[in-house]
Each structure stands twice: as structure tokens, then as C-alpha cells.
Undergrad: 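Attaching a single structure in C-alpha cells format; questions to follow.
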Amino acid sequence: METASKKSFLTSEMIKSAILGAFKKFNPIYMVKNPVMFVVEIGFIFVLLLTIFPAMLDADASGDDRIYNAIVAFVLFITILFANFAESIAEGRGKAQVQTLKKTKTVTGACVLLPDGSEVMKQAYELKRGDIVLVQAGETIPNDGEVIEGIATVDESAITGESAPVVKERGGDFASVTGGTTVTSDWLKIEITSLPGESFLDKMITLIEGARRKKTPNEIALNTLLVSLTIIFLLVVVTLYPMTTYLNVHIPVATLIALTVCLIPTTIGGLLSAIGIAGMDRVTQFNVIAMSGRAVEACGDVDTLILDKTGTITYGNRMATEFTPVEGVAEKELIRAAWLSSLTDDTPEGKSILSLACKLKVDTADEGMIRDSSVHIPFTAQTRMSGLDMQDGTKIRKGAYDTIRKESIAAGHVIPKDLEQLVHQVSSVGGTPLVVVKNHQILGVIYLKDVVKSGLKERFDQLRAMGIKTIMCTGDNPLTAASIAKESGVDSFIAESKPEDKIKVIKDEQALGRIVAMTGDGTNDAPALAQANVGLAMNSGTNAAKEAANMVDLDSNPTKIIEVVEIGKQLLMTRGALTTFSIANDLAKYFAIIPAMLMAAVPEMSSLNVMMLNSPTSAIISALIFNAVIIPFLIPIAIKGVKYKPMSASKLLNRNLLVYGLGGIIAPFIGIKIIDLLVSPILQMIGL
Amino acid sequence: MWQIAIILVIYVPLVILAGHYLYHVTMQQKTWLDPVLNRVDHVIYKLSGIKQVNMTGKQYVLALILTNAFMVFIGYVLLRVQSALFLNPNDVGNMEATLSFNTIISFMTNTNLQHYSGESGLSYMSQMLVITFMMFTSAATGYAACMAFCRRLVAKTDTLGNFFVDFVRVITRVLMPISIIVSIILVSQGSPQTFSANKTVQTIEGKMQDIALGPIASLESIKHVGTNGGGFNGANSTTPFENPTVLTNIVELLSMMLLPGACVVAFSLMVAHRRKKMLFGKQGFVIFAAMSVLFLIGLVTCYVAEQAGNPIISELGITQDLGSMEGKEMRFGVAQSALFTVATTAFTTGSVNNMHDTLTPIGGLVPMFNMMLNVVFGGKGVGLMNMMMYVLLTIFIACLMIGRTPQFLGKKIEEKEMKLIALCILIHPAIILLFSALAVATTAGVAGITNPGAHGLSQVLYEFASSSANNGSGFEGLADNSTFWNVTTGLAMFFGRYLSIIIQLAIASLLAKKMWHSDSVGTLKTDNAMFAFLLVGIVLMIGALTFLPALALGPITEHLQIHF
């Protein structure tokens, strides 16, 4: 899927199948779902009939009328074709992904363990919830489930695109497995948790397949607006006919249909479903599966983001950043002792101490010898310290201030006066102090720091500009939390928070009328994920969390919620921008068509022909052609979404209004004029 | 030009003052008339058995409709039997059935379209008990609906306010006091207020002439204060008895502009009520500003067109130094006539101090367009409600452009609301265009048209725009007292009024019940200049786009024909 996002915008194969799809969509049963384009289709059929039987409505119609009707019919035809093409293209991009996923789905069979211990082979689609299956190395897991026995590595690349296998075992956060992934070593006993056809993979496929996509609430609301605009303009044209008849002005029916099609919002009407499909598709390209379009729309509205500290704001591990000796101890001695204390320590913290010590030029000549000859003393919850006992009897330890202090006093050593101050200094800036001792004599303090992910501060600044508030949740004490909050730039934080605190924060924020988004992975996050308006669960997390959330991040990168929010906004913006553009277009079309329509009866109308279009016929046809060709011009915007930079709502509105509002008024004046210059010589040639 | 400027300058402080008063009345806060009026109200409540309990949106609308229906019934009967009743010194006969239908709907819907002439068609009793009475009650109905609407936009519940209480309070505390003051000014300037019969006098030319008298001043005041517009006499505010002097002209102008503007001020205070006291809430001010811009665009266009005059008249060798004076009163001139024309259609009053039929094509297009938009202040509260439909529509489009789902005053605008908003915006053009098309396509309709070609179409468009917008002014010239015109305009007025009110209150009810969401820098600012600009743009785009083809066939063709 990584490769999918890097794929070029369009491939020739996609275009081929989209063109085929565009023709298939002419089926009125399908078209009626899009009322705006359905009106165009009815108009097309009507003008087509008038081309074949020009005298149908007007007994003295001439051959010229037939040619004119044919041209109008043709332009209407390509208008529909372009709109259908846009939708097919958007669907095609999703289909490529579905193909890959569907391949994953073709699982042959599964070995079901019956309660009496016997084994039966069943097809994957026969599996029921609660069945227990045994999956051996090299086999594919038949459906979603929980590991109940065994430990094995599983290749989840089919879903996540991540090629490194993941360890799965019973209990904890690594118990859930996804159907369609492959066991690469050992075996697992799995209890199936979803019905055939309802697995995570199935849901993904359903979501991505545009055809079965449900319209989102906002899309329905916008569609209502477009339908009512269509009705208004239909009324305008239908009532125009008796009025012109009363005034003895003759207007050909094809012209009235052309006027209708130009005025109704065909641009946005033709692109609306493409925008929706492409918006969902962008989320998927990002390796995030949204359970509904509603969830993606809600993302655009997020006011408050609740983020876990560990893993989201900071890298999971703390890192050594400073060694501070107590008074009377040389820095070199402390560094050496700190290095020794971590030599056999495999924890990330230990490794970070080693690398810092090496950076500070510690003497590492005897490393191999010491490693071989010393005894490692591991960290336990009781001792709360770790280190090593060297061959010569030297005991090196590092650990928490309280326990080291107690041991040191018990061994009869004097506690250095400045120790407490050093420890306090470290914890006051949010760090974790580790005290280093050599044979119970205190040497100094190691400053372990929670490292904030790079670039987050800028991201949070952007979010603030967009009006989104960030809240950090952490189990740390308030002091540490405050310091991390300050460094990362979040707006506020909850220290010493328990899982139930998260729900409280979400409820409080919602009571203030805010839309809340959060990320989570553990089972105890599930209620909060369900309570939040947008819950993004990590794919690595438990099934409970995934089910409670309305989005799942396949890469398990909690920071991604920020991008998802942007995609949600972009989806709505694309709709808004193209709607504005479509409506603004009508002004120029009026100036092209109305004078042209009435010029025969009221010659003075020529003074309203501000674009100096060549003839009434070319004016009408140019406006109609513009109306058709603008659709393919806008397909890239519909599919990629309008450009979005985080900024305040007011600035964003000004910018988009300028581009799509003012642009929408000006562009057709220029476009229609250019088309007129190209078309009028041809029309003159055929005598129109 | 300076006359117009002075009137508008006086208008601004007056409207703010009235808005604060209206806000206090609406929110049941203390006003200085309370000591007297509380007692009056309580007597009324007691006599009519009004229990002051809060109503849901549905109950409120139902109460409104039933009250109106009852008044329609009584009024219709009175018109049909007026000749036999008291206070009929001029021996006026009973009114014909379709004309009674048209008249009663016309006055109940606050339209005041008149297919009769008051001096010959109504007894003094009908003028007072039907016409003047309905001028109060229809205006109060509109204000009550608007109050219910605005309160629901800012509330968190749908059960609030009582129609009957609102209805009574608006009449006793707002319409009555202002009308009394205006009546006294009118009487002081020469408007008659009498029960004596018409006088027949000999003019200096030696001919005999009937001078129509009656209780004119009392009708005239509420005619403007309640943005009704139906004159005592057929010639409305052009006649010296209805509008004797320049001073009365200004008073009438200000009194019809006062309350529609004040409604917006009151709304602005409701939105801002959580914060400290202020002169004019920002949200309401933006809407007020958008309305003002539309008003001024119309005013300038109309004034310039009238001042420029008609080139064909110039060719005939008639000077037009004073502008186009055809159909205008010498005592008002072009400036006050243009202002009155634009104000009476923008504020949907419908009284006229000059004949709109004789305005220049572009000068006549402005009042027609005002009524087609029906949101430039608009009448008695419903104008604000209509504008709010465009506000919600603008928010819908603008919110999408900033990547938020649409939200106004913390409430989300979703599918259901959007359906109703779209329907509400659709009704008005649908009524105008469909009925106009029907009129020009049927012999019964065409029979009423008295001018050939484009001007004839303008007459038809104007008549239905005026009916649907509940304005009531006539382009005149249309022979409109026929079954076809009485029935079609009656239906246009009826649907234009009640469908809109029902749908708008339904939208307010839906919004009132919604969860409230907070505003942040990420949400759309609806109280700044940018939004006002956008609102004007959307109103013009939707309004202009809908009516442009019809206008092109009517006034625009006329204009081009006399100028090119």
C-alpha cells in the first residue's frame, strides 16, 4: 500500500476502464441517483429526438435546425460522459486497492479444532464466531480472531504494508489477529471473533469500493441544495416559454434545454460523487481505514485532540542527556561509572546511557573483558536499581533516588549535600533522575529525558492556527507532564491520568460544545474511543479498541490523526469550492445566452452581449461547450482535493473565495470567449 | 439627494432605540410602559382565557394559523354583509365573493393588495373593523412568528414563548403606542379622522366633486407602522388626505422603516445577550449591514434612473430638469418619491406615494427586484426570517469552503434543515414565475393586461411579486378585479405567507433542539464584513439568477427599447 500512494495520478489502464464505465453509467436507472445529471440526460434524449424529427414541435423547422439540434445533443452527451468519467476515475483508483485486498482474501481452508479435540478442515466462509482454528507456519489466518494459545510471528504486510513480521501471543495488546495475514513461524490457536464477510478485511473492501459507498450526511445535504437549485432553474426555463410566447418571441426548444443545462449546477453535480469517493480514497492511501464517511467528515470539525504522551508526543523511551557529578567527584569518574552500570543493560535507557558516555569520550578499551567477567544485576521492582558486580568486587549501580539513598546510608556513607538539589533539578524540568553509586558511594546523577518527537511543535502551532486545541494525557507526575507539555507545545495536559480520566476529559470537552478526537490502542482505551467523536485506533491494538473506534490506522502511528483531520477538512473544502465555482459560473453563462436568445426579437439586446460573441448560435453553443469541458478540467481538483494549508478560518475563506468565487465568475467569461473564437468559424462553414 | 440623506440619518438612531424596546418586549423585560400596560394585558389575558404557558414550535404555529383562520372567517363575513351594518354613511354595497376572498387574504397576510377602491368599496365599519383591525393583527402575527423564530435560534429548547402572549404584547406595547403618536401627527397635518359622510363640493372650475372622508388618520398610521400598505383610498399615499405634506411623507417613511429594522436590532441583542450590554450586537449588525447595502444599491439605481428621465419624453421637447415627473406628486419630487418607492418595496409595506407603473423601466425594476428578493429588511419580522434563510444558505456554502460542516450560532445545519431551507427559498420564485406564466398563457389572465409587449409582462410580474412577497403595492394599470386575478393573487399571497412561516418555524424548532457546539478560530466567523459581503453576493446571485430571464423580457427589454 505504500507503493499505492506513490503511484502516478492516472495509469492508461485506469483511463481505459473509466471510459468504459462512463458509457455504462448512461443507464437511466443509475443516472436517476444523481438528479442534476439526470436532468441533463432527459434534455439530451429530448434534443436527440428533435434532431431526428425536427418537425416534432415546430412544423416549419428547417435543415439548419436539425444541425443545430444535433450539435446541442452532442454537447449534452459529452457533458454527461465527462461527469460519468469523473466518477469512474475516482472509483478506479479505489478499485486498484480492492484488487490487492481481494487477492489476500482468497483463503482456501482452515483447520478447526472441535471441543472433543478432533480436527476438521473447513472452508473459510463456513467459519462461525467462536470456532477455534489452528494455523501453522505458512498458512493464512482465515478470519479475525484472538490468540488463545501459542506464540508466532505474523506477516501483516497485506494489510499494513509493513514487511517486518509481528509477534502475536495470548493476552495483552498482541492477541488480536486479522484475517488474511500469514503466520510465518510456529503456530497459533485462534478463536474466531467475526462472521464470514464481516471481517476487518471485508469492511476495508466494502469501504473502498465506491459503488457500495453510502452518501455521507453532508453530501446528502449538499445534494439537497443542488437539487433545489436545479428545480429553481427548471422553473425559470419552463415559465420562460409561455412568457416568450406571449411576447411573440420564438425560442427553439433546444436553446431552452441548453439554457437549463448551463444554469443547473452540472459542474458540482457531475463531480460530487467523485469528490466523495476520492476523499475516502485519500484516507485509505494514507493507510487509515475509516469505518464510515461520516467519521471522515467529523474529522474536519475536530476542535480538541486528545493525545497520549508516550508514543504519540514523545518517542516511547527516555534517553540520557546529561551526567552531573556531586561535589568532590570528577566528571570523568561519574561518566565511567555510568557507562559501567549500563554495560550489560539491554533496555533502551541503558543503551542511551552508553551512547552518551561514548560521545563524552569514555575509555572503552576494556569493554570486552568487563562484559565477560562481570555479573549483571537486573532491575527488579523491589530493588529498583540495576548494574553489575565486577570481578574485582566493585559494585556499580544506578537507580531511583530513594532506594539508593537508603542503601547508601545503611552502608554508612555520607549523602552528599548537593545530591537532593541535583535530583530536584532534573525532575523539575520533567526528566527522570538516576543516581549512580560505586560501592555505595554516591557519584552523581544521570538525567534521563523524555524526548519529544521532532516537528511536533510546528504541527501543534498549525493546529492552533486551525482552531484545534491539543490536550496531552500522561501517567507522569504534574511536574514532568508540565515540562513535556511546554516543550512539545500542547495547549494543556492531564497528569497522572487513568484511563477513566480520558473519558471524563472527552465528556467535559463535549459538554463545552467541542468535537473531540483521540487515539488509543489498549483495551482500556475502548470506552474513550467510543465516546470521542473521532476515535483512531492503532492496528497493533486490541480488537476491542478497533471496534470502538471509527478509524483504524494500519501503520499504528498515533501522530497520524493530525493528517486525517486535514484530509477531512480538505474533503469538505473541495465540495464547497467547486459548489461556489459552479454557481459563480452562471453569471457569465447568462450574459452569453440571454442576449443571444432574445436578439432575434429584441435587436437592442446586442448591447448586453458584453463578450462580443460572434452570433447568437455560437454564443449558446460556446456556453454549452464551456459547461461541458469545465468538468474534465476540474477532475484533478476533485480527486486530489483543493490545496490546503493550515490557517485560520477567516483567512481560508478569503483565499478560497478569491480563487473559486471570483475565479468562478471570471473564468467562464474568458473560456466562453475563447471557445466562441474557435467555434464560430466552424459554425459559419456549416451555415449556422 | 440631501433629503434622502437626512431621512436616513434620522432613521439610524430611531431604529436602534426601537430595537432595544422591541428586545425588552420580546424577552419580557421591564419597559417604562409596564405599570399601565401590565394591567391592560392581564385584563386581556383574563377575558380571553390566555394561560401564559410555554409552547413548542408546533403548538406555536398551530395557534398562529388557527387565530389567523378565525379572523379570516369573521372578516370575510363582515365584508359580505357590510351594506346592512352600521357606520355606512356613503351607502356602500356588499363586496363580491372573489374580491372579498382576495381582500381578506390580502389583509390577513399583511399584503394589502387592493383590487378595490376604499372610497367606493368599503363602509367605514369595514375600514375599521376589517382593514384597520387586520393591519394590527397581521403585523402582530408577523412579529410574533419572527420572535418565536429568533428565540429558538439562540435557545437550547424548543418549548418557549406563548403565541397569544407575544401577539397581545406586540399590539399593546409596540403597535398601539406608535400608531397613536403617528395618527396625531397626521391629523395635525390635515389627515381627516371622522365618521361624517363624503362631501360633494363645487370646484373652482364649477364642476361637482366628491371628497372622500372617513377615519383616515388612524388607518394611515398602522398602515405604515405595521408595514401593511393598504390605503384608505384607491390612490393610497399619493392623495393629500392620506399624505398631506412633506412632513407626513417623512413620518410615513420612517414609521414603515422603523420596525423591520428594529427586528434585526432586537435579534442582534438576543444573540449577544450573554455578554455585556451593547448598542447593536455584531451578528445582527452584519445582517443589518447586508440589508442596508442591498437597500442602498436599489435606492441609488432607482434615484439615478428617475432623475435621468425618459429619453422619448425629452425628444418630444418636454424638459425633464426635475427628472421623470410622470405619475409623481409635485410636493414630493423625484428624491422623496424614489426613496418612498424603494422603501415601500424593500420593507414590503406596499403603500405608494407615486405611480410605480409610470416609473422609468429601470426605476420600476428596482421595486420589482426588491419584492423578488423579499429580504431587504422585509416586512414586520418575516423579512428577517427570509434573510435568515439566505444566512443559513451562505453559511452552508462558506463553511464547506473552510472545511467544516455547516454550523450557525453553535447549531449544525444538516440534511433536514437544508431540505427545508431549500424549499423555503424555492417557494417564492416558484409562486411568482408559475403564476406569471399562467397569467400570460390564459385568456382570463391576458384580459387583465392593459399594456402591450414588455410593459404588459412587467405588470404581471410585479403583481405576483407583490402578492408573494406580501407587499401589496400595485404596478397599477392592471385590470385586476376579475375572478382570475382575485383568485390567483389570493393564492399567491396565502402560500407566500403561511408556507414560509411554517417552514421557517420548523427550521428554528429543529435548530433549537440541536446540540450546541462551541466556536473557535477554526469555525466560520459570521459576524464580520467578509460574511456580510458573501451574504449580499449569495442573495444577488440566487435572486438575480432566478429572475433575470423574466426581468430581461420585461423591464430590461423596455429599457433597451427606449434607450437604443
Side-chain angles (χ1 to χ4, degrees), chain A residues 217-218 220-222 224-225 227-228 231-232 235-236 238-240 242-247 249 263 297 300-301 303 465-469 512-515 568-570 572-573 575-577 579-580 583-584 586-587 590 594 598 602 604-605 607-608 644 648-650 652-654 656-657 660-661, chain B residues 393 396-407 410 413-415 417-419 421-423 425-426 429-430 433-434 436-438 440-441 446 453-454 456-457 515-518 520-525 528 530 534 537 541-542 544-550 552-553 556-557 560-561 563-564:
Chain A
N218 176 265
I220 297 172
L222 180 57
T224 312
L225 174 66
V227 169
S228 61
I231 298 174
I232 290 184
L235 268 177
V236 168
V238 167
T239 55
L240 194 61
M243 288 187 206
T244 49
T245 313
Y246 167 74
L247 295 174
V249 179
L263 294 181
E297 270 174 13
D301 284 344
D303 299 301
M466 286 153 65
I468 297 174
K469 182 182 159 193
L512 289 172
R514 305 207 173 104
I515 305 268
K569 278 193 182 298
Q570 203 187 24
L572 293 174
M573 268 166 54
R575 276 189 204 139
T579 307
T580 310
I583 297 175
D586 280 8
L587 190 69
Y590 260 132
I594 298 269
L598 302 178
V602 188
E604 296 89 348
M605 276 289 164
S607 61
L608 287 184
Y644 174 62
S648 75
S650 304
L652 205 56
L653 181 64
N654 291 355
N656 282 341
L657 262 186
Y660 296 97
Chain B
L393 180 66
F396 186 85
I397 295 174
C399 269
L400 286 185
M401 273 202 285
I402 60 161
R404 303 278 300 205
T405 58
Q407 164 181 337
I413 306 166
E414 287 162 307
E415 186 205 345
E417 294 77 45
M418 203 56 222
K419 258 188 194 145
I421 293 167
L423 188 63
I425 291 179
L426 184 71
L433 293 175
L434 285 175
S436 297
L438 184 71
V440 295
V446 174
L457 184 66
M515 221 173 71
W516 176 80
H517 295 276
S518 69
S520 71
V521 279
T523 45
L524 180 74
K525 284 251 172 306
N528 56 12
M530 187 66 203
L534 197 57
M541 266 322 239
I542 305 285
L545 291 181
T546 315
F547 292 106
L548 196 65
L553 288 173
I556 293 175
T557 297
L560 293 172
Q561 280 171 339
H563 278 87
F564 295 97

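Each chain gets a letter, A, B and so on, in the order the sequences are listed, and its residues count up from 1. The figures that follow rest on heavy atoms only: side chains count, while hydrogens, waters and symmetry mates do not.
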Undergrad: For chain B, which of V236(A), V227(A), L587(A) has the most heavy-atom pairs under 4.5 Å?
TA: V236(A)
Undergrad: Given that the side chain runs from C-beta out, which part of I583(A) has a heavy atom under 4.5 Å from chain B: side chain, backbone, both or neither?
TA: both
Undergrad: L438(B) versus chain A, heavy atoms under 4.5 Å apart: side chain, backbone, both or neither?
TA: neither
Undergrad: Which of the residues K525(B), Q407(B), K419(B), E414(B) is involved in the greatest number of heavy-atom pairs with chain A at under 4.5 angstrom?
TA: K419(B)
Undergrad: So what's closer than 4.5 Å to chain B heavy atoms on I594(A): side chain, backbone, both or neither?
TA: side chain
Undergrad: Most heavy-atom pairs under 4.5 angstrom with chain B, which of R514(A), K469(A), M573(A)?
TA: M573(A)
Undergrad: Would T557(B) and E604(A) count as a side-chain contact (heavy atoms from CB on, under 4.5 Å) here? Give the steps.
TA: CA-CA 8 Å; T557(B) 297; E604(A) 296 89 348; over 6 Å; no
Undergrad: For chain A, find which of A441(B), G410(B), A422(B) contributes the most heavy-atom pairs closer than 4.5 angstrom.
TA: A422(B)
Undergrad: First locate atom CD1 of I402(B), then atom CG of N654(A), and finally report the distance between them rounded to the nearest 0.5 Å.
TA: 11.0 Å
Undergrad: Which one, L657(A), I515(A), L608(A), T579(A), leads in non-hydrogen pairs under 4.5 Å with chain B?
TA: L657(A)
Undergrad: Taking D303(A) for the side chain and I468(A) for the main chain, is one N or O donor matched with an acceptor at less than 3.5 Å?
TA: no
Undergrad: Report which part of M541(B) has an atom under 4.5 Å of a heavy atom belonging to chain A: side chain, backbone, both, or neither.
TA: side chain
Undergrad: What part of V602(A) is in contact with chain B, defined as an atom under 4.5 angstrom from a non-hydrogen atom: side chain, backbone, both or neither?
TA: side chain
Undergrad: Kindly write out the residues that satisfy salt bridge (charged side-chain N to carboxylate O under 4.0 Å, His left out) with D586(A), not counting sequence neighbours, or none if the list is empty.
TA: K589(A)
Undergrad: Are E297(A) and K569(A) ion-paired here, with the side-chain N under 4.0 Å from a carboxylate O?
TA: no
Undergrad: Checking heavy atoms, do the side chain of I413(B), its backbone, both or neither come under 4.5 Å from chain A?
TA: neither
Undergrad: Using heavy-atom distances under 4.5 Å, tell me whether L423(B) contacts chain A through its side chain, its backbone, both, or neither.
TA: neither
Undergrad: When you measure from the side chain of R404(B) to the backbone N and O of T523(B), does any donor-acceptor pair fall under 3.5 Å?
TA: no
Undergrad: Quick check for you: to the nearest 0.5 Å, what is the distance between L240(A) atom CG and S436(B) atom OG?
TA: 11.5 Å
Undergrad: Which pair of heavy atoms, one from A430(B) and one from L235(A), lies closest together, and at what distance?
TA: CB-CD1, 3.4 Å
Undergrad: In Å, rounded to the nearest 0.5 Å, how long is the span from CD1 of I232(A) to CG of L426(B)?
TA: 5.0 Å
Undergrad: Under 3.5 Å, is there a donor-acceptor pair between the side chain of N656(A) and the main chain of M401(B)?
TA: yes
Undergrad: Name the region of T245(A), side chain, backbone, both or neither, that has any atom closer than 4.5 Å to a heavy atom of chain B.
TA: neither
Undergrad: Does any backbone or side-chain atom of L512(A) lie under 4.5 Å from a heavy atom of chain B? Answer side chain, backbone, both or neither.
TA: backbone
Undergrad: Give, as side chain, backbone, both or neither, the part of L222(A) having an atom under 4.5 angstrom from any heavy atom of chain B.
TA: both
